[in-house]
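Just so we're clear, the structure is a prediction, and the values are computed from it rather than from any experiment.
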Amino acid sequence: MIKKCGANCVKFQKSDLNSRFNKAALDRPYTSHHSWGNTYGQHRAHLEFSESQFKELKKHAERHEIIFSASGMDMVSLRFLNQLGVPFFKIGSGDANNYSLIQDVARFGKPLIVSTGMQSIDTVQKVYYLLKQFNIKLGFLHCVSAYPAPPSDINLRVIQSYQEKFPDVVIGYSGHETGTDISIAAVALGAKILERHLTLDKTWKGSDHCASLDPEEFQQLVSQVRNVETALGSHIKIVRESEIACYRKLGKTLVASQNLQCGTVLSEDMLDIKVSEPKGLNADQFYNVIGHTLIHDKEYDDSIFEEDIS
């Protein structure tokens with residue numbers, strides 16, 4: 001489905017529960033209506049894919065020609081993903097201040113993307129300087145770790161702050177809000193990586209589904225992002241080919257505001273700017289021709305051409 005929606009990459013999450021959680025965290029009762037077990041450990045164990053399932057997922061992604069990776073939530077999982085041959089690593093927000101794990105992952109030498117939810121700018125800067133020594137391709141994702149994230153907390157301008165502070169890092173956005181508009185705005189602000197959760201049914205059991213996009217929304221998001229990328233275009237302001245037809249129909253040019261004889265030295269009151277047929281000198285030439293001599297007779301409302309001016 002994600003391939004059909006037009007995404008470039010599909011990313012899962014991989015945990016070794018005993019490495020990620022201590023015993024007390026796994027043994028605590030979990031009575032939420034989202035729960036798949038009596039304890040949090042039973043709940044997480046029900047949801048985790050096995051290593052053999054991850055291998056099948058990777059093969060399935062390869063058959064559909066879509067990039068496959070996973071967020072490793074602990075070093076055991078990250079070593080497995082490295083052996084699996086993922087092309088890049090993703091560190092989730094919960095480990096963005098786990099400096100020892102981040103350094104260990106960086107030693108694999110593969111591109112590394114770090115989500116920065118729940119972290120201060122000081123932490124993000126420490127991660128940046130920590131990773132600079134490894135000479136790997138690096139991405140930071142602005143993120144707000146709430147499901148769903150309220151728009152008032154998202155502060156998309158952090159993307160621009162990251163671009164200024166970390167000019168050699170690819171900056172992106174990991175969104176947990178509802179809808180697609182904020183993610184599109186993130187791309188307009190310069191996000192080069194966009195991560196969103198996909199669900200096949202928002203009514204399914206589980207707290208993430210309400211903050212995920214369904215296939216129709218995801219496909220719409222991809223289409224809108226591609227349109228925004230195209231529209232962002234160039235920093236250079238020029239007249240575009242698509243504008244020529246409008247200029248020919250409605251663009252204004254110089255005309256005589258009165259009958260003028262050859263030899264007249266032009267002053268402002270002698271010229272007007274109108275939509276004219278045929279097109280004369282562009283309106284922006286108005287002040288350039290003042291003080292120059294007319295070398296052809298012109299009747300009222302005649303277009304003024306370059307060859308009419310000495």
Take atom [atom1] of [X] as the centre, draw a 6.0 Å sphere, and report whether it contains more than 12 heavy atoms from other residues, nucleotides or ligands.
X: E307; atom1: CD; result: yes
X: N135; atom1: CG; result: no
X: R157; atom1: CZ; result: no
X: K59; atom1: NZ; result: no
X: Q133; atom1: CD; result: yes

Item to complete: Calculate, to the nearest 0.5 Å, the distance between atoms CG and NE2 belonging to L26 and H43 respectively.
Response: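 Here the interatomic distance stands at 11.5 Å.
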Worksheet entry | CG-CZ distance between D74 and F80, expressed to the nearest 0.5 angstrom |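 Reported value, rounded in 0.5 Å steps: 12.0 Å.
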Indicate yes or no: does [X] engage [Y] in a salt bridge with an N to O separation below 4.0 Å.
X: E51; Y: K55; result: no
X: E195; Y: K90; result: yes
X: E48; Y: R20; result: no
X: E277; Y: R248; result: no
X: D104; Y: R79; result: no

Discussion item. Set out, in order, the CA-CA distance, both residues' side-chain angles and the distance that settles side chain to side chain donor-acceptor pair (under 3.5 Å) for S212 and Y147, then state yes or no.
Written reply: CA-CA 9 Å; S212 301; Y147 301 82; over 6 Å; no
Worksheet entry | Stepwise side-chain contact (heavy atoms from CB on, under 4.5 Å) check, K298 with D308 | CA-CA 9 Å; K298 288 290 175 179; D308 294 324; 2.8 Å; yes
Worksheet item: Think K14 forms a cation-pi with F49, using NZ or CZ under 6.0 Å from the six-ring centre and within 45 degrees of its axis?
Response: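 Judged by the rule, K14 and F49 form no cation-pi pair.
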Worksheet item: Y247 ring centre to K279 NZ or CZ under 6.0 Å, with the angle to the axis within 45°?
Response: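 Positive - K279 is close enough to the ring of Y247 and near enough to its axis.
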Is the ring pair [X]/[Y] parallel, tilted or perpendicular, if the boundaries are 30 and 60 degrees?
X: F166; Y: Y128; result: tilted
X: F12; Y: F68; result: tilted
X: H46; Y: W36; result: parallel
X: Y30; Y: Y40; result: perpendicular

Could you tell me if the side chain of [Y] sits less than 4.5 Å from the side chain of [X], heavy atoms only?
X: I102; Y: D95; value: no
X: L131; Y: L112; value: yes
X: V105; Y: K110; value: no
X: L271; Y: I290; value: yes
X: T116; Y: L141; value: no
X: S276; Y: T253; value: yes
X: S71; Y: M73; value: yes

Practice prompt. Dump the intermediate steps for side chain to side chain donor-acceptor pair (under 3.5 Å) on H209 and T199, then the final yes or no.
Written response: CA-CA 6 Å; H209 294 290; T199 180; 2.7 Å; yes
Discussion item. Side chain to side chain donor-acceptor pair (under 3.5 Å), that's the test. Do S15 and S77 meet it? Break it down for me.
Written reply: CA-CA 6 Å; S15 294; S77 298; 5.4 Å; no
Practice prompt. Kindly indicate, with the supporting measurements, whether the criterion side chain to side chain donor-acceptor pair (under 3.5 Å) is fulfilled by S183 and E177.
Written response: CA-CA 8 Å; S183 291; E177 73 277 1; 2.8 Å; yes
Fill in: Residues R240, E243; criterion salt bridge (charged side-chain N to carboxylate O under 4.0 Å, His left out); working and verdict
CA-CA 5 Å; R240 307 304 302 185; E243 296 179 292; over 6 Å; no
